[in-house]
Amino acid sequence: MDYLPVEVIGNILSRLGGARDVVIASATCRKWREACRKHLQALSFNSADWPFYRDLTTNRLEILITQTIFQTTGLQGLSVMMDDANKFSAATVIAWLMYTRDTLRRLSYNVRTTPNVNILEICGRQKLEALVLAHNSITGVEPSFQRFPCLKSLSLSYVSISALDLNLLLSACPMIESLELVSLEIAMSDAQVTIELSSPTLKSVYFDGISLDKFILEADSIEFLHMKDCVLELFELIGNGTLKHFKLNDVSVIHLDIMETSESLEVVDVNHFTMVWPKFYHMISRSQKLRKLRLWDVVFDDDDEIIDLESIAAGFSQLTHLSLSYDLKDGAAHYSLQGTTQLVNVTVLELGWTVINDVFSIWVEELLRRCPNLKKLIIYGVVSETKTQGDCQILATFTWSIVQLMRKYIHVEVQFEYE
């Protein structure tokens, strides 16, 4: 260890992450203290990492963080994530940011202060590449002054901001590639809450816990879009057909339109979603490169509606991974299996049920027949805690039928996943 260059030791200490571990390690010897002082690149203060933070008074905690930060030079990554138990002095927090802003590349900030600290004003026009901001408020964005010329990743969680300021903030980041918006508090200017965002460089977008009337996103370079726990009346994605990965998880949206960007889709993953299947299929039908289609726990607007397997087989010839789970009804299930087009490239098939019945066994058998090159079959089921004798008999009959069926497909690996 004595022969390690001090720069290498600084790199090692930077990978520890937690400030407490860094301080303890730096006490090893004079050389390690020098590495911490001159070559440390990252520090993290997180109340979830070390419960002892919660036992300190706010004043003592401010002093501890200040001393640790001010003993370093050239920090590139700073994370201060504190729970709502402490309210820090704005002057102290500003001192941290002013001391480090010239070299900072990554900043994660969740600190409640009195009064509020304007992060954009302090860190704008610097070299920041990634900004994670939580439990804060943003007002009066001025793109000409609060500009982030190097920022590639922006994450806002539980942040209060108006629709206008959000759009201005995005326009102040000419290099941005990744955007995360989680449970934003959108300041309303009128009865209808509408957001219109535009960025020619965005590649990855993640929305979680967003409730709006209207959301329009214009992103010419977008490749990844994931929406979770969102309630929207209208969502429209405008782009140049670059979207590759589209994921919906427990989203309620009346009007969904991504058709303009769907021709390059490779993955469509939909979970806990109410859909009109013909309309949804039409929206993704241009996706000739689709490799994975997952429609899990989907519900249909019309009780008689089904997922048309023939349309999937004929429309997505490159499909290799198919996952289906929805409420199977006798007549509708039979209709969904009509047609003869095979899914010749599908090698992985995932099927799920909510209620065990004979229809599911028939459905599994027909899907196996339509996938001649299948290598792996995974069956997901829900088993309630209390079981009657009849329930146990149905489960036993189903298991026996699957065992009998798989004797015809000995080349296929079978897995069962129950919850």
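Bear in mind the structure is a predicted one, so any value in this text is a computation, not a measurement.
- Residue Glu185 places its CD atom among 12 or fewer non-hydrogen atoms of other residues, nucleotides or ligands, all under 6.0 Å distant.
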Derivation of the side chain to side chain donor-acceptor pair (under 3.5 Å) call for His321 and Glu350: CA-CA 8 Å; His321 191 139; Glu350 295 179 291; 2.9 Å; yes

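- Residues satisfying the ring pair (Phe, Tyr, Trp, His ring centres under 6.0 Å) test with Phe280, not counting sequence neighbours, are none.
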Step-by-step side chain to side chain contact (heavy atoms under 4.5 Å, CB included) determination, Val22 to Cys36: CA-CA 8 Å; Val22 172; Cys36 184; 3.8 Å; yes

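- Between the CG atom in Leu166 and the CD1 atom in Ile161 there is a gap of 4.5 Å [rounded to 0.5 Å].
- Applying the salt bridge (Lys or Arg N to Asp or Glu O under 4.0 Å) test to pairs two or more places apart or on separate chains, those with a residue in residues 271-288 are Glu263-Arg286.
- Judged by distance alone, with hydrogens and angles left aside, the side-chain atoms of Arg291 form no donor-acceptor pair with the main-chain N or O of Val267 at under 3.5 Å.
- The structure places CD1 of Ile119 at 9.0 Å from CD1 of Ile138, a figure rounded to the nearest 0.5 Å.
- Between the side chain of Ser361 and the backbone N or O of Phe398, no donor-acceptor pair lies under 3.5 Å.
- Below 30°, between 30° and 60°, or above 60°: for Phe215 and Phe207 the angle between ring planes is between 30° and 60°, a tilted geometry.
- Here the straight-line distance linking atom CG of Leu61 with atom CG of Leu56 works out to 5.5 Å at 0.5 Å rounding.
- Between Glu129 and Lys152, none of the side-chain N atoms (NZ, or NE/NH1/NH2) sits under 4.0 Å from a carboxylate O, so this pair counts as no salt bridge.
- Judged by distance alone, with hydrogens and angles left aside, the side-chain atoms of Asn373 form a donor-acceptor pair with the main-chain N or O of Val344 at under 3.5 Å.
- Between Phe273 and Tyr326, the ring centre distance reaches or exceeds 6.0 Å.
- Applying the salt bridge (Lys or Arg N to Asp or Glu O under 4.0 Å) test to pairs two or more places apart or on separate chains, those with a residue in residues 268-277 are Asp269-Arg294.
- Ser221 places no side-chain N or O within donor-acceptor distance of the main-chain N or O of Thr201, the cut-off being under 3.5 Å.
- Here CD1 of Ile379 is found 4.5 Å from CZ of Phe416. Values are rounded to the nearest 0.5 Å.
- Using a distance-only test at 3.5 Å, with no hydrogens or angles considered, a donor-acceptor pair links the side chain of Ser287 to the main chain of Ser262.
- Of the possible polar contacts, none joining the Asp83 side chain to the Ala48 backbone as a donor-acceptor pair under 3.5 Å is found.
- The line from CG of Leu78 to CD1 of Ile69 is 5.0 Å long, rounded to the nearest 0.5 Å.
- A perpendicular orientation is assigned to the rings of His226 and Phe224, their planes being inclined by more than 60° (bins at 30° and 60°).
- Of the possible polar contacts, one joining the Asp165 side chain to the Val141 backbone as a donor-acceptor pair under 3.5 Å is found.
- Here CG of Leu13 is found 10.0 Å from CG of Leu43. Values are rounded to the nearest 0.5 Å.
- Using a 4.0 Å cut-off between charged side-chain N and carboxylate O, Glu34 and Arg30 make no salt bridge.
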